[in-house]
Amino acid sequence: MSHPRSDPLRVGVIGTGAMGRDHIATLDRYVARARVTAVHDRATELADKVAAPVGARVLATPDALIDAEDVDAVLVCSPDPTHLELVLHCLEAGVPVLCEKPLAVTADGTAQVVAAETALAQRRGGGRLVQVGFMRRYDPAYVELKRDVHDGSQGDPVLLHCVHRNPSNHTGMTPEQVVGNAMVHELDIARWLLEDEVVSVSTRTVRRGGTWQPGDPVVAWLDTAAGALVEVEVFVNAGYGYDVRCEAVGSTGRSALPDLVGPDFQTRFADAYRLELQQWTEAVLAGEPTGPSAWDGHRATVVATACVESLRTGRPVEVPTEPRPALYA
Ligand SMILES: NC(=O)c1ccc[n+]([C@@H]2O[C@H](COP(=O)([O-])OP(=O)(O)OC[C@H]3O[C@@H](n4cnc5c(N)ncnc54)[C@H](O)[C@@H]3O)[C@@H](O)[C@H]2O)c1
């Protein structure tokens with residue numbers, strides 16, 4: 001069962017690959033009110049390497065970490081298919097969890113998290129425990145862009161052009177994985193930036209020589225409830241750098257992210273990860289997380305599922321609407 005949280009917050013990290021290592025370093029350097037006390041990775045030698053420098057211990061299983069007496073909150077940084085079971089375990093244990101995106105790989109899975117968190121909050125009379133790692137919402141340039149979209153200076157939102165390009169040679173990813181793992185960031189940012197819901201989608205891949213070449217771009221068009229159109233390009237094999245762009249066009253003006261091409265996601269979004277972890281820590285210590293919720297994680301995966309269905313059928317797909325549970329009002 002859950003135990004009282006200490007200050008500084010004692011954080012356990014599951015998964016010490018690229019993302020886990022980056023979060024551990026950020027917590028250690030920049031988050032004064034958090035301490036990494038425990039880590040677990042299926043590859044124990046990776047956990048061993050990161051644990052000693054921050055004074056954490058290595059635990060043999062994710063279950064042992066979630067239930068540990070010296071863990072107040074958990075960061076899930078293991079591969080996408082592991083997220084659902086780990087987050088459900090955190091909920092059962094009453095432990096706050098920041099889960100990397102996506103919250104789960106299917107919309108059924110993300111719905112299970114929403115149902116479990118909602119039932120727990122009703123039973124305990126408490127609030128949220130889950131936050132999803134949509135860290136772009138903390139990026140200062142995205143925050144400024146959102147201010148521009150809503151301050152009246154550019155009229156009503158009409159179009160959003162989103163571009164997500166990775167430098168590396170991700171030739172192992174299927175178009176479905178590009179949508180579920182990478183495009184999901186854009187699907188969340190469109191909802192957040194426009195404060196609107198996606199109601200239908202149309203998705204295509206590039207087909208060089210008449211066929212999909214692994215790593216080639218996937219492009220989606222999203223219609224929102226208010227009538228804006230969002231165009232999304234995800235190109236995980238762009239070669240030249242890590243390049244995330246977003247232009248918001250309104251009925252009387254436009255604004256865009258600055259040109260910030262970098263070598264990798266860790267460099268481009270360093271401030272966003274730091275602010276995400278600082279604000280998550282403060283919010284958990286104050287009672288409950290306030291960042292992107294299980295509901296946000298669920299809706300992003302519902303839209304991603306529709307995008308995959310559109311890829312499969314070659315047709316536009318309606319996105320199912322659902323009432324937002326009161327916990328996420
Ligand atoms: N928010 C972002 O911008 C962002 C960026 C990159 C990755 N991510 C997410 O972070 C997660 C990790 O991605 P990554 O790039 O660090 O991958 P990675 O492959 O570098 O690291 C994953 C780690 O998890 C370990 N692992 C595998 N199965 C495990 C299990 N069952 N239990 C515990 N550990 C296990 C692996 O040994 C590896 O060390 C993914 O869900 C990914 O989508 C998010």
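Whatever order the structure lists them in is the order used to number ligands and atoms, beginning at 1. As a basis for the values below, the full set of heavy atoms in this structure was taken, side chains included, without hydrogen atoms, waters or symmetry mates. FYI, the numbering just counts along the sequence from 1.
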Result of checking V284, L120, V95 against L129 for side-chain contact (heavy atoms from CB on, under 4.5 Å): L120
Side chain to side chain contact (heavy atoms under 4.5 Å, CB included) between C77 and H23, worked out: CA-CA 9 Å; C77 306; H23 280 327; 3.6 Å; yes
Donor-acceptor pair between Q154 and S255 side chains, under 3.5 angstrom: yes
Evaluation steps, salt bridge (Lys or Arg N to Asp or Glu O under 4.0 Å), between R274 and D271: CA-CA 5 Å; R274 177 178 52 77; D271 284 346; 3.4 Å; yes
Distance-only side-chain donor-acceptor flag, E322 / H298, under 3.5 Å: yes
For ligand 1, which of its N or O atoms have a protein N or O partner closer than 3.5 Å, and how long is each gap?
unit_1, atom_1, unit_2, atom_2, d
ligand 1, 1 (N), E100, OE1, 2.9
ligand 1, 1 (N), G133, O, 3.4
ligand 1, 3 (O), H185, NE2, 3.3
ligand 1, 3 (O), Y273, OH, 2.6
ligand 1, 16 (O), A18, N, 3.2
ligand 1, 16 (O), M19, N, 2.8
ligand 1, 20 (O), A18, N, 3.0
ligand 1, 34 (N), R42, N, 3.3
ligand 1, 37 (O), D41, OD1, 2.6
ligand 1, 39 (O), G17, N, 3.4
ligand 1, 39 (O), D41, OD1, 3.4
ligand 1, 39 (O), D41, OD2, 2.6
ligand 1, 41 (O), S78, O, 3.3
ligand 1, 41 (O), D80, OD1, 2.5
ligand 1, 41 (O), H83, NE2, 3.0
ligand 1, 41 (O), K101, O, 3.4
ligand 1, 43 (O), D80, OD1, 2.9
ligand 1, 43 (O), K101, O, 3.0
ligand 1, 43 (O), K101, NZ, 3.0
ligand 1, 43 (O), N181, ND2, 3.1

W280 and T290: CA distance, side-chain angles, deciding distance, side chain to side chain contact (heavy atoms under 4.5 Å, CB included) verdict: CA-CA 7 Å; W280 176 68; T290 51; over 6 Å; no
